[in-house]
Amino acid sequence: MVDTPKTILAIGAHAGDMEVSCGAILSKHARQGSKVAMLHLTLGEGGNPNLSPQAYGAQKKREAESIAGAIGAQVIFGPYKDGELPNNDEARRYVADVIRQVKPTHIITHWRSSIHPDHAYTNAIVNDAILLASLEAVVTAHPRHRGVKGVYFTENWEDDEGYTPYYYVDVSQELESWKQWVVKYEFIKGGISSFPYLDYYVSLARVRGAEAGTQYAVTLAVDPFEQKRVVEALP
């Protein structure tokens with residue numbers, strides 16, 4: 001079944017965060033005709049002990065652009081440095097203006113709790129920025145946008161405290177192509193970090209697929225306040 005086209009904006013703290021955690025979802029929606037954009041607030045340029053932040057940042061930008069091309073997505077790079085993402089009003093206004101520029105119907109970002117401060121800050125910034133983007137009184141370079149219908153949070157190994165899957169998205173048809181292009185990031189392919197990113201997320205997709213009764217699935221959480229259904233009788 002072809003999904004109704006949407007405009008999806010995935011906002012990650014570092015280049016690679018959204019691609020590895022929910023890239024198969026983004027690819028699926030792009031294939032179905034939705035507009036997909038990714039905002040990387042930082043390049044994650046501090047993660048390679050063998051390269052300077054400047055050199056590794058340039059490498060990750062090339063990798064991010066290549067993967068965005070494989071997905072069929074727009075990619076936007078934020079002005080912030082790895083490990084120094086400011087949890088302040090300026091960052092909120094910056095993200096609010098990107099939201100106004102992209103005009104998403106749906107936003108995907110980090111879960112609220114994380115061992116990485118940049119991830120937790122991103123969650124707080126994005127949630128406030130959605131409100132700022134909708135307010136006429138908040139002046140940025142683009143007019144207000146009030147069309148965000150859903151906000152979702154990815155399943156990331158660094159963000160698992162309190163994370164409860166709510167949506168299970170069947171990505172069985174996307175997983176093989178996702179495996180081919182996500183390794184354009186060297187840190188996912190291996191050789192930089194000892195963490196087995198590819199093995200972990202493939203295995204996680206298989207486990208979530210088993211829970212959902214399909215081969216592979218990627219999950220998304222929602223705010224606990226949104227975990228309710230109002231009905232007149234039992235469905």
Side-chain angles (χ1 to χ4, degrees), residues 8-32 34-48 50-51 56-78 82 106-111 114 116 118-119 122 152-160 163 165 167-209 212 214-221:
I8 300 173
L9 175 60
I11 304 175
H14 315 101
D17 286 338
M18 293 295 104
E19 295 96 318
V20 72
S21 60
C22 66
I25 295 177
L26 301 179
S27 180
K28 179 173 186 174
H29 281 279
R31 179 175 57 81
Q32 292 178 340
S34 294
K35 176 183 176 182
V36 174
M38 293 181 290
L39 168 61
H40 304 313
L41 290 175
T42 82
L43 289 169
E45 70 278 10
N48 190 334
N50 300 314
L51 291 177
Y56 190 46
Q59 175 184 321
K60 287 199 72 180
K61 185 175 182 180
R62 292 192 300 270
E63 293 167 342
E65 290 170 339
S66 179
I67 288 179
I71 296 174
Q74 176 187 7
V75 61
I76 301 167
F77 298 101
D82 186 14
H106 297 75
I107 289 176
I108 303 175
T109 191
H110 293 279
W111 178 240
S114 179
H116 199 310
D118 283 353
H119 292 198
T122 296
Y152 310 107
F153 309 105
T154 61
E155 187 168 13
N156 186 303
W157 76 274
E158 294 178 294
D159 308 348
D160 65 346
Y163 178 93
Y167 290 104
Y168 286 71
V169 182
D170 183 0
V171 297
S172 301
Q173 295 184 25
E174 281 70 38
L175 200 81
E176 285 305 316
S177 61
W178 171 84
K179 286 165 62 177
Q180 295 298 315
W181 54 252
V182 78
V183 295
K184 292 178 184 290
Y185 278 119
E186 185 183 359
F187 82 92
I188 293 174
K189 181 170 58 178
I192 295 177
S193 171
S194 61
F195 186 82
Y197 283 93
L198 187 62
D199 290 344
Y200 175 86
Y201 284 99
V202 171
S203 300
L204 180 62
R206 183 66 192 98
V207 169
R208 295 311 192 192
T214 188
Q215 186 176 10
Y216 293 104
V218 172
T219 72
L220 298 169

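The residues of the chain are indexed from 1 along the displayed sequence.
Counting heavy atoms from C-beta on, the side chains of Tyr56 and Phe187 come closer than 4.5 Å. Contact annotation: the side chain of Asp118 approaches that of His14 to within less than 4.5 Å [non-hydrogen atoms, C-beta and beyond]. Taking 4.5 Å as the limit, some side-chain heavy atom of Leu51 sits within range of a side-chain heavy atom of Gln59. For the pair Leu9 and Val36, the minimum side-chain heavy-atom distance is 4.5 Å or more. The closest side-chain heavy-atom distance from Met18 to His110 is below 4.5 Å. Inter-residue side-chain proximity for Thr219 and Val169 is flagged as unmet; no heavy-atom pair is nearer than 4.5 Å. Contact annotation: the side chain of Lys60 never approaches that of Phe77 to less than 4.5 Å [non-hydrogen atoms, C-beta and beyond].
With Glu174 as reference, Arg31 is the one residue of Lys179, Arg31, His29 to meet the side-chain hydrogen bond (donor to acceptor under 3.5 Å, both in side chains) rule.
Shortest non-hydrogen contact noted between Thr42 and Gly44 is OG1-N, 3.1 Å. Of all non-hydrogen atoms in Leu43 and Gly57, the two that sit nearest each other are CD1-O, 3.4 Å. The heavy-atom pair separating Ala73 from Met38 by the smallest distance is CB-CE, 4.2 Å. The minimum heavy-atom distance linking Ser27 with Trp181 is given by the pair CB-CZ2, 4.0 Å. The two atoms that bring Glu19 and Ala15 nearest to each other are OE1-C, 4.3 Å, heavy atoms only. Considering all non-hydrogen atoms of both residues, Val218 and Cys22 come closest at CG1-CA, 4.3 Å.
The salt bridge (Lys or Arg N to Asp or Glu O under 4.0 Å) search around Glu45 returns none, not counting sequence neighbours. By the salt bridge (Lys or Arg N to Asp or Glu O under 4.0 Å) test, Lys189 is found to be paired with no residue, residues two or more places apart in sequence or in another chain being considered.
A donor-acceptor contact shorter than 3.5 Å links the side chain of Asp82 to the backbone of Gly46. His40 places no side-chain N or O within 3.5 Å of a backbone atom of Ile76 that could act as its donor or acceptor partner. Within the 3.5 Å criterion, the main-chain N or O of Arg62 finds no donor-acceptor partner in the side chain of Ser66. A distance-only check finds no donor-acceptor pair linking the side chain of Lys28 to the backbone of Val171 [under 3.5 Å]. A side-chain donor-acceptor contact under 3.5 Å links Thr109 to the backbone of Ile11. Under the 3.5 Å distance criterion, the side-chain polar atoms of Tyr185 are matched with a main-chain donor or acceptor of Gly16.
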Anything under 3.5 Å between a donor and an acceptor, one on a side chain of residues 194-208, the other on a protein residue two or more places apart or in another chain? List them.
unit_1: Tyr201; atom_1: OH; unit_2: Trp157; atom_2: N; d: 3.2
unit_1: Ser203; atom_1: OG; unit_2: Asp199; atom_2: O; d: 2.8
unit_1: Arg206; atom_1: NH1; unit_2: Gln215; atom_2: O; d: 2.9
unit_1: Arg208; atom_1: NE; unit_2: Glu155; atom_2: OE1; d: 3.1
unit_1: Arg208; atom_1: NE; unit_2: Glu155; atom_2: OE2; d: 3.3
unit_1: Arg208; atom_1: NH1; unit_2: Glu211; atom_2: OE1; d: 2.9
unit_1: Arg208; atom_1: NH1; unit_2: Glu211; atom_2: OE2; d: 3.2
unit_1: Arg208; atom_1: NH2; unit_2: Glu155; atom_2: OE2; d: 2.5

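Side-chain contact annotation: Thr154 with Tyr163, donor-acceptor N/O pair under 3.5 Å absent. If you check the side chains of Gln180 and Glu176, you find no donor sitting under 3.5 Å from an acceptor.
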Checklist entry - Going through the distances and angles, do Asp170 and Thr214 end up as a side chain to side chain donor-acceptor pair (under 3.5 Å)? => result CA-CA 7 Å; Asp170 183 0; Thr214 188; 3.1 Å; yes

Item to check | Stepwise side-chain contact (heavy atoms from CB on, under 4.5 Å) test for Ile67 and Trp178 | outcome: CA-CA 10 Å; Ile67 288 179; Trp178 171 84; over 6 Å; no

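Residue Gln173 qualifies as open at atom CD: its count of foreign heavy atoms under 6.0 Å is 12 or below.
In this structure, OH on Tyr152 lies 8.5 Å from CD1 on Ile108, to the nearest 0.5 angstrom. To the nearest 0.5 Å, atom CG of residue Asp160 and atom CD of residue Glu158 are 9.5 Å apart. A distance of 12.0 Å separates OG of Ser34 from CD1 of Ile25, quoted to the nearest 0.5 Å. Rounding to the nearest 0.5 angstrom, the gap separating the CD atom in Gln74 from the CD1 atom in Ile8 is 13.5 Å.
Ring-plane geometry between Trp111 and Phe153 is classed as perpendicular, the angle between the planes exceeding 60 degrees on a 0 to 90 degree scale with a lower cut at 30.
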